[in-house]
Amino acid sequence: MKIGIIGLGYVGLTTAVCFANSGHEVIGYDLSSEKLHTLKKGVSPIWEPHVEEYLQAALKQKTIHFTKEISNVIQQSHILFVTVGTPSQTNGQADLSQVWNVVSQVQKYGQPGQILVIKSTVPIGTTEHIAQRLNDHDSPMLDIIHNPEFLRQGQAVHDFLHPDRIVIGYSQPQALEKMKHLYQSFSVPIIACDRKSAEMIKYASNSFLAMKISYINMIAGLCEQLGANVDAIADGIGADPRIGRSFLQAGVGYGGSCFPKDTQALLAIAQASKQTLPLVEATIQINQAQPLRLLQRLEQRLSSFKDKKIALLGLSFKAGTDDLREAPSLKISQELLQHGAIVHAYDPVVQSFPIREVICQTNPLLAAQDADAILLLTDWDEFRHLPWGELAHVLKQPLLVDGRNLLQWEQMKEVVATYGFEYISVGRPTLFSSIHPADRIE
Ligand code: UGA
């Protein structure tokens with residue numbers, strides 16, 4: 001099948017390279033000619049595991065092509081995917097300008113019998129609205145489908161190849177059959193429903209996952225007051241299959257381009273229908289407070305941030321990506337700088353940080369040199385194996401704040417006992433060292 005992809009961000013590009021490696025012919029379009037130029041050379045413009053190797057394999061087999069003419073991609077595809085961004089506006093509503101720009105091009109160049117698939121996350125009712133607009137067109141398309149994506153950044157290729165379910169919001173049964181045929185190699189449930197429900201599934205799914213995170217962060221706050229350990233709580237409740245253990249990792253709060261944007265957008269959608277969504281409101285509130293709660297604990301411990309040097313470990317919103325959108329590191333470094341701290345940072349993949357005053361270093365030891373505390377903000381695997389002895393040696397005081405509960409609390413007891421660290425984490429008792437600073441092993 002000839003598949004067109006409009007918008008080559010991490011969703012569009014992953015979709016393109018995966019289809020191109022599974023027997024389809026793919027043509028990709030993006031507004032950025034620089035991105036197209038890079039892609040044609042076999043280089044991925046985004047840091048997403050396996051995308052580049054899939055891209056190179058598809059280029060070699062000649063199953064993927066890129067074009068800077070949107071008319072080409074529209075005219076040549078049997079199924080045309082729209083994967084452009086729908087960022088938040090200041091009022092929380094999704095900005096649909098990129099989607100509507102594509103629709104106006106489809107109005108011009110669309111072919112009879114084609115299927116247009118909206119994969120971008122759009123407010124409930126948008127796909128039907130697009131269908132109404134395109135139905136006025138002289139040569140109507142077979143159908144306008146909503147097919148939400150559930151790809152996680154950093155695991156997008158894996159998630160594309162191993163989905164839990166495929167959701168298809170449709171109006172024409174013939175188009176549904178074609179979509180089922182497209183996805184026939186995946187033996188997972190296909191949820192076929194009306195287009196509004198498909199759009200809602202995406203928002204409800206992301207809001208529910210965000211709510212799970214805020215729920216455990218709320219419980220973590222109580223654990224800190226009462227001396228309980230949130231890890232045990234997450235294991236204890238997560239073992240119940242009705243609750244499930246995933247997305248119960250307490251920490252500094254969720255970030256990224258999806259949960260913050262989609263929870264806000266769902267609130268805006270509800271507001272437009274004069275409804276309230278108190279669970280979603282609380283989810284957002286807890287998440288916004290979470291980085292500040294962690295900073296307050298650190299500030300209390302240091303008395304003040306004035307002239308204190310803080311080493312941030314990890315800047316991206318989660319491991320496996322260089323994406324900084326809504327990353328807790330942004331809010332935290334702004335707060336630290338405003339309160340007079342000096343901020344150095346290390347991240348394995350983020351090369352440049354938008355806040356100029358944050359000094360990016362090339363390894364954790366350089367970032368931690370003479371620092372008053374380390375603040376771990378991203379769950380990068382390499383931070384599980386830090387050189388504790390050397391860090392204790394270079395730090396002004398061996399204080400480690402783990403904003404991701406990345407390190408095993410039981411194992412940290414040994415690090416604390418051996419190297420004299422004090423270890424603060426989220427919803428778990430603080431570990432103090434009994435070693436006198438002069439007797440620390442370095
Ligand atoms: C999320 C969803 O997981 C995907 O299913 C969805 O397709 C995607 O949004 C989207 O809408 O496009 P993503 O934003 O890539 O994916 O990242 P997640 O792995 O879901 O993590 C989001 C944030 O929550 C990260 O900051 C992560 O560190 C945080 N998180 C996650 C926690 O704090 N605790 C957890 O237990 C899990």
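Atoms within a ligand are numbered from 1 in the order they appear, just like the ligands themselves.
- At a 3.5 angstrom cut-off on N or O pairs, Gly256 does not count as close to ligand 1.
- Side chains of His50 and Glu53: a donor-acceptor N/O pair is present below 3.5 angstrom, by distance only.
- Those atoms of ligand 1 with a heavy atom of Lys202 less than 4.0 angstrom away are 6 (C), 7 (O), 10 (C), 11 (O), 12 (O).
- In this structure, a donor-acceptor pair under 3.5 Å is absent between the side chains of Ser425 and Asp402.
- Looking only at atom types and distance, the side chain of Glu149 has no donor-acceptor partner in the side chain of Thr15 under 3.5 Å away.
- Closest to atom 30 (N) of ligand 1, if we only count protein heavy atoms, is Ile213 CD1, 3.4 Å.
- Looking at Tyr183 and Asn147, their side chains do bring a donor and an acceptor atom within 3.5 Å of each other.
- Nearest protein heavy-atom contact of atom 1 (C) of ligand 1 is Phe259 CE2, 3.5 Å.
- Ranking protein heavy atoms by distance to atom 8 (C) of ligand 1, first place goes to Leu151 O, 3.3 Å.
- Close approach of ligand 1 to Tyr10 (heavy-atom distance below 4.0 Å) involves ligand atoms 8 (C), 10 (C), 12 (O).
- In terms of protein heavy atoms, atom 3 (O) of ligand 1 is closest to Arg152 CG, 3.4 Å.
- Checked against a 3.5 angstrom limit, the closest N/O atoms of Lys318 and ligand 1 fall inside it.
- Of the protein's heavy atoms, Phe247 CD2, 3.5 Å lies nearest to atom 37 (C) of ligand 1.
- One option in Pro260, Ser205, Cys258, Ser316 has a heavy atom closer to atom 10 (C) of ligand 1 than any other, and that option is Cys258.
- Nearest protein heavy-atom contact of atom 28 (O) of ligand 1 is Arg404 NH1, 3.2 Å.
- Remark: the Glu390 side chain and the Tyr419 side chain contain no N/O donor-acceptor pair separated by less than 3.5 Å.
- Atoms of ligand 1 found under 4.0 Å from any heavy atom of Asn206, numbered from 1 in the order shown, are 2 (C), 6 (C), 9 (O), 10 (C), 11 (O).
- A donor atom on one side chain and an acceptor atom on the other are not found under 3.5 Å apart for Asp323 and Trp47.
- The single protein non-hydrogen atom nearest to atom 12 (O) of ligand 1 is Glu149 OE2, 2.7 Å, given as residue, atom name and distance.
- Under the 3.5 Å distance criterion, with hydrogens and angles disregarded, a donor-acceptor pair is assigned to the side chains of Ser97 and Asp95.
- Ser171 and Asp143 share a donor-acceptor pair across their side chains, judged by distance under 3.5 Å alone.
- Summary of contacts: the protein heavy atom closest to atom 24 (O) of ligand 1 is Tyr254 CB, 3.2 Å.
- Under a 4.0 angstrom heavy-atom cut-off, Gly255 registers as being in contact with ligand 1.
- Below 30°, between 30° and 60°, or above 60°: for Phe19 and Phe81 the angle between ring planes is between 30° and 60°, a tilted geometry.
- Residues Leu324 and Pro354 approach most closely at CD1-CD, 3.7 Å, considering heavy atoms.
- Here's the thing with Val11: none of its N/O atoms is less than 3.5 angstrom from an N/O atom of ligand 1.
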